[in-house]
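Here you go, one structure.
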Amino acid sequence: MKVDDFAANLQQVRAHVAAACVRAQRPPESVALIAVSKRQSVEAIRAVCAGGQRVFGESYVQEALDKQAQLLDLEIEWHFIGRVQANKTRQIAAHFAWVHGLSDAAHAQRLNDQRSPELPPLNVCLQVNVSGEASKAGVEPTELPQLLAVCAELPRLRVRGLMTLPAAAMNEMAQRQPFALLRRLRDQHATPELPLDCLSMGMSNDLEAAILEGATMVRIGTAIFGARG
Ligand SMILES: *Cc1c(COP(=O)(O)O)cnc(C)c1O
């Protein structure tokens, strides 16, 4: 793709988010866009950044660190959206502002212990499996209170909300179901101390359904960057 295409795609995704917000009767600024740049080049990231995008999501630690080293001149906020592995927590704690997809108390403890005191607390969203058998990632809804209790006690983590990555669904009504379930779980478990005001849900194919159900962060790759290499 050419540099102009990335900028045009970004504008289109922004327009789609705005239209979904109108439909949901929500203010457009209530939804943040994370540009998912996994398996995309640093040139592509630069082009999207030039279009005004500052928040990028990466799924593979080593790939992300290699790109970050080449993009130090840009003020990018990096979100880790991949699967957390115990042997990668030190690098995640050092090089990201947010982790979406935390679903293990031992990983939470490691990220907490490894987060430098010089950095602000690591923002985390806890991943919940809301589509049952179809997905193995994330805690079961019944396990969420326990993970929340563990994370709430870790001073170097800041629990911001919940994240989900549901199985693909055929139509908007089916897409909305897991997102609605995540929102209800949030409503159920939010407290004044832990308002869980972030709902990280929605990708290129289901962002509108997610916004209708209250997403505050959508993670968009393909619709901005095109197919992954
Ligand atoms: C790859 C990925 C995305 C982006 O998916 P697209 O369909 O390309 O928009 C979002 N979230 C997670 C967790 C991902 O791994």
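Atoms within a ligand are numbered from 1 in the order they appear, just like the ligands themselves. We count residues from 1, following the sequence as given.
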Worksheet item: Any idea how F96 and F80 line up, ring-wise: parallel (<30°), tilted (30 to 60°), or perpendicular (>60°)?
Response: perpendicular
Fill in: Part of S59 with heavy atoms under 4.0 Å of ligand 1, whether side chain, backbone, both or neither
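It is the side chain that touches ligand 1; the backbone stays farther off.
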Fill in: Heavy-atom gap I220 to ligand 1 smaller than 4.0 Å
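Contact check I220 vs ligand 1: positive.
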Discussion item. For atom 12 (C) of ligand 1, what's the nearest protein heavy-atom neighbour? Residue, atom name and distance, please.
Written reply: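 For atom 12 (C) of ligand 1, the nearest protein heavy atom comes out as I81 CD1, 3.5 Å.
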Practice prompt. Evaluate the side-chain proximity of C21 to V31: yes if any heavy-atom separation is below 4.5 Å, no if none is.
Written response: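 Yes; the side chains approach each other to less than 4.5 Å.
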Fill in: Distance from atom 5 (O) of ligand 1 to nearest protein heavy atom, with residue and atom
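Protein heavy atom with the smallest distance to atom 5 (O) of ligand 1: M203 SD, 3.8 Å.
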Item to complete: Could you tell me which atoms of ligand 1, counted from 1 in the order shown, lie closer than 4.0 angstrom to a heavy atom of R219?
Response: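 Near R219, the atoms of ligand 1 are 4 (C), 9 (O), 10 (C), 11 (N), 12 (C), 13 (C).
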Item to complete: Please confirm whether L165 comes within less than 3.5 Å of ligand 1 when only nitrogen or oxygen atoms on both sides are compared.
Response: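 For ligand 1, there is no N or O atom that lies under 3.5 Å from one belonging to L165.
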Item to complete: Identify, by atom number and element, the atoms of ligand 1 in contact range of T222, meaning under 4.0 Å from any of its heavy atoms.
Response: 6 (P), 7 (O), 8 (O), 9 (O)
Item to complete: Distance to 0.1 Å, residue and atom name: give those for the protein heavy atom nearest to atom 9 (O) of ligand 1.
Response: S204 OG, 2.5 Å
Discussion item. Suppose we measure from atom 14 (C) of ligand 1 to each protein heavy atom; which comes out shortest, and what is that distance?
Written reply: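 Here the nearest protein heavy atom works out to K38 NZ, 3.0 Å.
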Fill in: V17 side chain near I211 side chain, heavy-atom distance below 4.5 Å
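Sidechains of I211 and V17: in contact.
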Discussion item. Under the criterion salt bridge (Lys or Arg N to Asp or Glu O under 4.0 Å), I'd like the reasoning laid out for R23 against E172: C-alpha separation, chi angles, the key distance, then a yes or no.
Written reply: CA-CA 13 Å; R23 204 179 143 203; E172 188 179 86; 2.7 Å; yes
Worksheet item: With side chains defined as the heavy atoms from C-beta onward, is the minimum distance between L33 and L10 less than 4.5 Å?
Response: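 Yes, at least one pair of side-chain atoms sits under 4.5 Å.
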Discussion item. Using a 4.0 Å cutoff against the non-hydrogen atoms of R228, which atoms of ligand 1 qualify?
Written reply: 1 (C), 8 (O)
Item to complete: Verify the distance criterion only: is there a donor paired with an acceptor across the side chains of D66 and Q70 at less than 3.5 Å?
Response: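 No, no side-chain donor-acceptor contact under 3.5 Å.
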Item to complete: Pick one of side chain, backbone, both or neither for how H100 approaches ligand 1, counting any non-hydrogen atom pair under 4.0 Å.
Response: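 Under 4.0 Å from ligand 1, H100 contributes no heavy atoms.
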Worksheet item: Going from CE on M203 to CZ on R219, what distance comes out if it is rounded to the nearest 0.5 angstrom?
Response: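 Answer for the CE-CZ pair, M203 versus R219, is 6.5 Å.
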Discussion item. Under the criterion salt bridge (Lys or Arg N to Asp or Glu O under 4.0 Å), I'd like the reasoning laid out for D73 against R46: C-alpha separation, chi angles, the key distance, then a yes or no.
Written reply: CA-CA 10 Å; D73 55 310; R46 283 190 184 279; 2.9 Å; yes
